[in-house]
Asks: 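The structure follows.
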Amino acid sequence: MKIFNSYSNQLEEFTSLKENQVNMYVCGPTVYNYIHIGNARPVVFFDTVRRFFEARGYQVTFVSNFTDVDDKIIQKALDENLSELEVSSKYIQAFLIDIEGLNCKTDYLKPKVTEYMDFIIGFIQDLIDKNYAYNVDGDVYFRVSKIDDYGRLSNRNIDDLISGSRIDINPKKESPLDFTLWKQTEVGINFSSPFSQGRPGWHTECVSMIDDIFKGQIDIHGGGMDLQFPHHENEIAQAKALHNHSIAKYWMHNGRLSFKEEKMSKSIGNVVLVKDVEEKLALRFFLLSTHYRSPLNYDEEVFAMYVKEWQKLENAYKTLFYKLDLVKELDLNIEIKDIEIKNEINNFDLAMEDDFNTANAITALQSLLRLINSNLRKKLVFTKLNELLKALNYMVDILGLKVEVTPLTDEDRSVYESWQKARNDKDFSLADDLREKLTRRGML
RNA sequence: GGACCCUUAGCCAAGCGGUAAGGCACGGGACUGCAACUCCCCCACCGCCGGUUCAAAUCCGGCAGGGUCCUCCA
C-alpha cells in the first residue's frame with residue numbers, strides 16, 4: 001500500500017510501526033459552531049482510511065480531538081450568554097450527529113483540551129526545562145530557531161517566512177517565527193499554571209494529547225492542507241524538542257473544499273452546513289469522488305449528479321438484496337469465485353492501495369453496479385447474485401456508503417406475490433396500490 | 001514582495017513517457033400495463049506557444065486563466 005507522505009513529499013510504501021496495528025490521529029474541530037461540508041471532508045476521508053485499514057485486518061486506534069478552549073468559543077459564549085463548556089458541549093453533540101449522518105464511525109477516542117490541561121501544562125513545562133521555550137511576563141513561546149529543519153513539512157524556508165512577514169512583530173518574542181504555547185489572560189475560560197493564569201496555545205494541544213495517548217511516534221497524522229502550516233509544523237517542532245521525532249511516520253493532508261470556486265467562509269455567506277444537507281450519503285459520495293489531495297469544488301449542480309449516483313447505488317443494492325431475500329436465498333457467507341467479480345474487487349483494492357484513490361475505487365464500484373444490474377435483468381442465478389452482493393458489501397463498507405436494508409418478513413413476501421399476481425391478472429389498480437406499498441417499504 | 005498548486009469532452013473525474021478509464025447530461029436502440037429502475041450503442045487528440053524524445057495529456061521553458069499559503073485565528 002502506498003501513501004503520499006507530506007513530510008517526505010513523496011509516495012511511500014506503508015508499513016506500520018507495530019505489526020497489524022495502525023495508530024492514527026486527525027486534528028478535530030473547534031467546537032463553536034455547526035460544521036460545514038468543507039469541515040466534513042477530512043472527517044469522511046480519514047474515516048474511510050480507517051475503514052480500509054480495518055478491512056485489511058489492522059487494529060486501528062483512531063484519535064481525533066475536540067478543541068474546546070479557544071477565542072471563538074469564548075466569543076460565542078459571551079454572545080449567547082452561556083459558559084464555554086455549554087457552547088462546546090452543544091457543538092460536540094451536533095458534530096457527532098452530523099458525522100454519524102455521514103456514516104462516519106464515532107467509536108474513537110475524543111480527547112478535549114479541558115480534560116488535558118494538566119498534561120498540556122506539564123508538556124509546556126518540559127519544553128521550558130529543556131530550553132526550547134521561554135516565559136515572557138506569563139506568556140510562553142516556543143523557540144523555533146532551535147529546530148534545524150523547521151519548515152520541512154510545509155516545504156518552506158525560514159528566511160522566506162521572516163521576510164514575507166506582513167504581521168506586526170510581537171516585541172515579546174525573540175523571533176517572529178516563535179509561536180505561543182501559553183497565553184496569559186483572564187478573559188474567558190482560563191486555568192492556573194506555573195507560568196500564569198491563562199490558557200494554552202492551539203499548537204500544543206494535539207501534540208500533548210498524542211504524547212499522552214500513544215506514548216511515542218504514531219503511524220499517521222492527518223488533517224486538512226490548511227493545517228500543514230503553521231499548525232502541524234509547530235507540532236513537529238515540539239515533538240522534536242522533547243522526543244527527537246516527527247510525531248508521525250506518515251503525514252497526510254487533504255485538499256480544501258471550495259464553493260463555486262470560492263473559499264467557503266461565513267464572511268462570504270456561502271457556507272453549506274452538514275446538518276442542512278438532506279442526502280447525507282450522497283454528500284459522502286461526493287466528498288470521495290475526487291482524490292483526497294486535490295481541491296474539490298462544490299456547487300448545487302455538481303452535487304445533484306452525486307445525489308443521482310448515490311440513488312443508483314441505493315437502487316441496485318436494494319434490488320439485489322431484496323431479490324435474494326424474497327426467495328430466501330440470501331447467503332452472506334458465500335465465497336467469491338467468479339472471475340469477473342474478483343476482478344472488480346481487485347481493481348477496487350488496487351485503487352485504495354494507491355494512496356487511497358477513492359475516485360478510482362468508485363469507478364470499480366460503478367463497474368460492479370453495472371454487473372449487478374445486468375445480472376438482475378437476466379435469468380437469476382443465486383450464487384452469482386450472492387457473490388455480487390458480497391462484493392458490493394465489501395466496497396460499500398470501506399467507502400462508508402452502506403445502504404440501509406431490513407430483512408423481509410413473510411408478510412412482505414406475500415405482498416410482493418400479490419403484486420405480481422395482480423399484474424399478471426391485469427388488475428392494474430390493485431397492482432398500483434401494492435406497488436405503492438412495496439415502494440414505501442423500500443423494496444422497489 | 002515571497003512560496004506553491006491547478007487547467008483533460010456540456011458537467012464531474014482518472015491518468016504521472018507508449019498512443020485518452022469511469023460517471024452525469026445529450027443522441028440512438030431495448031425492456032415495460034403505465035411509471036420508475038435498468039441494459040446496449042454513441043460522445044475528447046488533453047488551456048496556448050515552443051523544446052526534449054522513436055514516442056508527451058504525461059518531461060522542460062514561456063504565455064494566459066484560476067486557486068492556496070506566508071509567524072492572527074482555525
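Sequence lines set the chain letters: A, B, ... in the order given, protein chains first and strands last, and positions in each chain run from 1.
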Asks: Let me know the distance between NZ of Lys173(A) and P of C72(B), rounded to the nearest Å.
Replies: 4 Å

Asks: Record whether the side chain of Arg256(A) comes under 3.5 Å of the base of U68(B) through a donor-acceptor pair of N or O atoms.
Replies: no

Asks: Just name whichever nucleotide pairs with C4(B), Watson-Crick or G-U, keeping both distances under 3.5 Å, else none.
Replies: G67(B)

Asks: Only pairs with both distances under 3.5 Å count, Watson-Crick or wobble alike; so what is the partner of C37(B) in this structure?
Replies: none

Asks: Measuring only the C1' atom in each nucleotide, how far is A64(B) from U53(B)? A whole number of Å is fine.
Replies: 27 Å

Asks: Starting from C1' on A13(B), measure out to OH on Tyr306(A) and report it in whole angstrom.
Replies: 6 Å

Asks: Which atoms form the tightest heavy-atom contact between Ile120(A) and Pro200(A), and what is the distance?
Replies: CG2-CB, 3.7 Å

Asks: Does C4(B) have its OP1 or OP2 closer than 4.0 Å to a side-chain nitrogen or oxygen of Asn155(A)?
Replies: no

Asks: Is there a side-chain contact between Thr290(A) and the phosphate of A13(B), meaning an N or O under 4.0 Å from OP1 or OP2?
Replies: yes

Asks: Would you mind pulling out the nucleotide paired to A13(B), Watson-Crick or G-U wobble, both distances under 3.5 Å?
Replies: none

Asks: Suppose you measure atom P in C16(B) against the same atom in G50(B); what distance do you get, rounded to whole Å?
Replies: 26 Å

Asks: Rounding to the closest angstrom, what is the interatomic distance between C12(B) and A25(B) at atom P?
Replies: 15 Å

Asks: Taking atom types as modelled, find out whether Tyr132(A) and Asp126(A) have a side-chain donor-acceptor pair closer than 3.5 angstrom.
Replies: no

Asks: G33(B) P sits how many Å from Leu434(A) CG, rounded?
Replies: 17 Å

Asks: If you assign Asp178(A) and Ser429(A) each to the RNA chain B nucleotide with the nearest heavy atom, which residue ends up on the more 5' nucleotide?
Replies: Ser429(A)

Asks: Phosphate oxygens OP1/OP2 of U38(B): is one of them under 4.0 Å from a side-chain N or O of Asn375(A)?
Replies: no

Asks: Taking atom C1' in both C46(B) and A57(B), compute the distance separating them and give it to the nearest angstrom.
Replies: 4 Å

Asks: Given that both distances must come in under 3.5 Å, which nucleotide forms a Watson-Crick or G-U wobble pair with G61(B)?
Replies: C49(B)

Asks: Output the rounded distance in Å from CG (Leu430(A)) to C1' (C34(B)).
Replies: 15 Å

Asks: Starting the side chain at C-beta, find the nucleotide from C12(B), G33(B), A74(B) nearest to Ala431(A).
Replies: G33(B)

Asks: Under 3.5 Å, is there any donor-acceptor pair linking the side chain of Asp432(A) to the base of G33(B)?
Replies: yes

Asks: Answer yes when Lys384(A) and Glu340(A) have at least one side-chain N-carboxylate O distance shorter than 4.0 Å, and no when they do not.
Replies: yes

Asks: Please determine, for A21(B), whether a Watson-Crick or G-U wobble partner exists with both distances under 3.5 Å, and give it or none.
Replies: none

Asks: Take atom C1' in U7(B) and the same atom in G28(B), then report the distance between them in whole Å.
Replies: 33 Å

Asks: Please determine whether a side-chain nitrogen of the Lys or Arg among Arg435(A) and Asp432(A) lies less than 4.0 Å from a carboxylate oxygen of the Asp or Glu.
Replies: yes

Asks: Determine the interatomic distance between P on A21(B) and the same-named atom on A9(B); round to the nearest Å.
Replies: 15 Å

Asks: When only distance counts, do a donor and an acceptor, one from the side chain of Arg435(A) and one from the base of A36(B), lie under 3.5 Å apart?
Replies: no

Asks: Could you tell me how far apart Leu376(A) (CG) and C31(B) (P) are, to the nearest whole angstrom?
Replies: 19 Å

Asks: Check whether any side-chain nitrogen or oxygen of Lys308(A) sits under 4.0 Å from OP1 or OP2 of C11(B), and answer yes or no.
Replies: no

Asks: Identify whether the distance between the nearest side-chain nitrogen and carboxylate oxygen of Asp427(A) and Lys421(A) falls below 4.0 Å.
Replies: no

Asks: Looking only at side-chain N and O atoms, does Lys378(A) come under 4.0 Å of OP1 or OP2 in U38(B)?
Replies: no

Asks: What does the list of N/O pairs under 3.5 Å between the protein and nucleotides 8-10 of chain B look like, with a distance for each?
Replies:
none

